[in-house]
Amino acid sequence: MHKGKSRGGKRGAGKAGAPAPDLVDAPYRKNELVTADIIGLTHDGEGVGRADGFTLFIQGALPGERVRAKVMKVKKQYGYARLEEILEASPSRIDVSCGIYKECGGCQLQHFDYDPQLEWKRQHVVDNLVRIGKLRVAGEEERGGAGKAEDDAEHGNRAGGTDAIIVHPTIGMDEPWRYRNKAAVPVGRGAEGEGLQAGFYARGSHRIIDMDDCLIQHELNDEVIRVVKRIGRELEVSPYDEETGRGVLRHVMARTGVVTGEIMVVLVTNSRKLPSADRWVERIREEMPAVKSIVQNVNERKTNVIFGDETRVLWGSEVIYDELDGIRFAISARSFYQVNPLQTVKLYRKAVEYAGLTGTEDVIDAYCGIGTISLFLARKAGRVYGVEIVPEAIEDAARNAELNGIKNATFEAGPAEVVIPRWREEGVTADIIVVDPPRKGCDQALLETILAMEPKRVVYVSCNPSTLARDLRVLEDGGYRTVEVTPVDMFPWTTHVECCSLLVRKDN
Ligand code: SAH
């Protein structure tokens, strides 16, 4: 994030005379205790505090609160402080149920009540649309301010605000816990020499904190992690050491098909050789009979990336199966599969609804992964063309179509920004284009191809509101109108927010 760019405090506010230059820029020193009023929440979930006009980012503080905090780091226009005491609590503050929340970097918002959290996520989306996309959002006109009219005139749209974008309330979960179907945790040696540990990196560091229970994780995944740790200690496997690059076991990944109950265990190792591989298999199966697939992935590189290129099945199936809305999916170790299945169904149904299918349309599903959205669409479309960069995912997608007797979906592996322009040259047309890119958003070449192909509708599924806003602006300028946006909470208690957006051609 670009902290400080627009959030700078009034430099040296309240200081008389001509203070020393360092005081002009930073009115506080490290370790100083300050009282701050919290006026907002950053996109990483830190409270934005104001102390005498100076901006301090305070993890754990909520908007509307007044807190005591200890200054930890001071920059020219802003600083970071540690929450010490809450002087006036927000009505949205709740008790945290997780014992490791303070240390763990996984969740950021467990102190924030669920309903206001959902509201905050919606507002976060709105702010991005307005600030980055320069888009007009219904209900936000009064927040607009100077410059808005010119923007509108320049972009030639939204006259009178009659067609402002509707941003719906965030679709939340009834029971926002234990939702994750996948856990991937680093393995290492405990700081106090406790031997093999696995858990998570402490907030903002690579120190591993041992974890046996994560409240947003499916119980079976937590069990896999506990079992693998136990076996690892039993077999005296050496944990990986990031500093030296030595040690065998780097990561454990557990994935559970929540509907089918099938489990995959992936051991990520530092070399091809996994000592006592047979014992590993035997012991995992003994402890967890529901395990259907035990896989080794080899990552010999000194990198933060979890997976290496080589994957081999140690025992059982190469894939596990899961079901979404009655469609069965085979999922292999390296394929992307949404982590919150209950919310995924809501998200995909929204995407299908926005696609407005009548049964005859040609649809392109870009960034299709294992063909999940594609197959949801195929049930209501004429033809679906899916494209995805990971070849294994495309193999899964083709298998998934077959598995479900779906004959009107075809898939191709490659970059969407290369494959779709080629399809266009080959004469493929699309009534609807669905995109679901990774966090960095759509490639410019893809956006240009979408504009050139002139689909009636574009459905944009996004896991990053800022790149969504950027890309919507390109599509708006190219002749599309963003009609509505529905945020879906795929990751309760974290700052992440997913959105499904509908765009239509303005000349339609
Ligand atoms: N729609 C799928 C996957 C979404 S995640 C689902 O809901 O499950 C984004 C996907 O984009 C990942 O599978 C990733 O491998 C893929 N991807 C990343 N860059 C790509 C590119 N340039 N072209 C095509 N696919 C890409």
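Here the structure is a predicted model, which means the values were calculated and not measured. Whatever order the structure lists them in is the order used to number ligands and atoms, beginning at 1. Values below: every heavy atom of this structure, side chains too, minus hydrogens, waters and symmetry copies.
Any N or O atom pair closer than 3.5 Å counts here, and I373 shares no such pair with ligand 1. For the pair Y337 and ligand 1, the shortest N or O to N or O distance does not fall below 3.5 Å. Looking at ligand 1, you'll find an N or O of I389 within less than 3.5 Å of one of its N or O atoms.
Shortest contact from atom 22 (N) of ligand 1 to any protein heavy atom: E417 OE1, 3.1 Å. Of the protein's non-hydrogen atoms, D436 OD2, 2.8 Å is the one closest to atom 1 (N) of ligand 1. If you check which protein heavy atom lies closest to atom 12 (C) of ligand 1, you get E388 OE1, 3.5 Å.
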Applying side chain to side chain donor-acceptor pair (under 3.5 Å), run through Y460 and D471 and close with a yes or a no.
-> CA-CA 9 Å; Y460 194 134; D471 292 350; 2.6 Å; yes
Would T170 and D489 count as a side chain to side chain donor-acceptor pair (under 3.5 Å) if you check the C-alpha gap in whole Å, the side-chain angles of each, and the deciding distance to 0.1 Å?
-> CA-CA 6 Å; T170 310; D489 193 23; over 6 Å; no
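Of all atoms in ligand 1, numbered sequentially from 1 with element shown, those under 4.0 Å from a heavy atom of V390 are 15 (O). Close contacts of ligand 1 with A416, meaning ligand atoms under 4.0 Å from a residue heavy atom, involve 21 (C), 23 (N), 24 (C).
Comparing G414, S462, C463, P438 by heavy-atom distance to atom 19 (N) of ligand 1, the nearest is P438. The residue among Y367, F329, Y348, F336 with a heavy atom at the shortest distance from atom 21 (C) of ligand 1 is Y367.
Between E242 and the options R250, H206, K302, a side-chain hydrogen bond (donor to acceptor under 3.5 Å, both in side chains) holds for only H206.
Residues D322 and Y337 have side chains that bring a donor and an acceptor to within less than 3.5 angstrom of each other. Side chains of N297 and T311: a donor-acceptor N/O pair is present below 3.5 angstrom, by distance only.
Using a 4.0 angstrom heavy-atom cutoff, D443 does not count as in contact with ligand 1. Residue contacts with ligand 1 do not include S335, since none of its heavy atoms lies under 4.0 Å from the ligand. Residue contacts with ligand 1: A393 is excluded, as none of its non-hydrogen atoms falls under 4.0 Å.
For W493 and Y114, the distance between ring centers is under 6.0 angstrom.
D362 places no side-chain N or O within 3.5 Å of a backbone atom of D431 that could act as its donor or acceptor partner.
The backbone of C368, and not its side chain, has at least one atom closer than 4.0 Å to an atom of ligand 1 (non-hydrogen atoms only; backbone = N, CA, C, O).
Aromatic ring pairs are classed by plane angle as parallel below 30°, tilted from 30° to 60° and perpendicular above 60°; the pair W423 and Y385 is tilted.
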